[in-house]
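When a ligand or atom number is given, it counts from 1 through the structure's own listing order. Quick note: residue numbers are just sequence positions, from 1. Values in this document were obtained by computation on a predicted structure and should not be read as measured data.
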Amino acid sequence: MLFTYDGIVVGRREVGDNSCFIDILTDEQGIIEASAHGAKKLNSAILSSASLFAYSTFCLNKTKLRYTVNSAKPKYSFHDIGSDIEKLALASYFAQTVRFCTPEEQTQDSMVRFFAIALYEINSAERLETVRSAFELRYASMLGYHPDLRACFNCGCYEHGEMYFLPDSGELVCGDCFDRDFGGRYFVLPPETLAAMRNILYAPLSRAFRFRISGDSAAVLSRVTEHYLLSRTERTFSALEYYKKLGIGN
Ligand SMILES: [Zn+2]
């Protein structure tokens, strides 16, 4: 039976001399693993669509539980990412994250568009760390881990000289309401950091990555979003460790 999905290749494993398995991120089915026969032959019609980060319309043949790529029509190529080791490392972290965390066989609203925007932003960004933070926080929210950053959860104030973020509950609390004996994990958010986090969460997808932040506020943002995604998904990612080893953002 044939199915057609728009999707982005987020994983690839070589099989023999000519073929490979690819993991395709789709809105309709989450991650689909499909075999791409002959994809490594230079004259293959699916050569470019089977490469990592290719964004294509895939026509897939499904038999029992296995998918095979029947044909593919490229929509957009992010192959430029591969020419920069730091950008490639960050894109690989994003790919590893969606491979492990995106639920299978469940409809994902706008997940492909979100991932395409993230790759586009990596390609054009001056500061990769802001792209990383935007991805981590928005993706966590898309998985269902929504922090509530609208206002202090106790008194409802929007701004305060001191704002605290409690990652375990996803709540925001102001300096007047914060319990100084609180024993859990918390982050003190500079105003610029909170504004960036609100932009990431509440802006339309096309603008979620568009904000300016620098200095200490940027450093706090990196720590908060990384902690939030990793603690909520209860994971570590080898691709993130590699990206950080390259020394970006330090
Ligand atoms: Zn308050």
Item to complete: For atom CZ of Arg235, decide whether the heavy atoms of other residues, nucleotides or ligands shown that lie under 6.0 angstrom number more than 12.
Response: yes

Worksheet entry | From CZ (Phe53) to CG (Leu88), nearest 0.5 Å | 6.0 Å

Worksheet entry | Tyr139 versus Thr102, side-chain donor and acceptor atoms under 3.5 Å |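 Checked: Thr102/Tyr139 side chains pair up, N/O donor to acceptor below 3.5 Å.
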
Worksheet item: With a 4.5 Å limit on heavy-atom distance, are the side chains of Ser51 and Val9 in contact?
Response: no

Worksheet entry | Any Phe165 side-chain heavy atom under 4.5 Å of Leu194 side chain | no

Worksheet item: Regarding Arg198 and the six-membered ring of Tyr158, is the cationic atom NZ or CZ under 6.0 Å from the ring centre and inside 45° of its axis?
Response: yes

Fill in: Near the Zn ion (ligand 1) (under 2.8 Å) - protein N, O or S atoms
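Result, waters dropped: Cys152 SG, Cys155 SG, Cys174 SG, Cys177 SG.
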
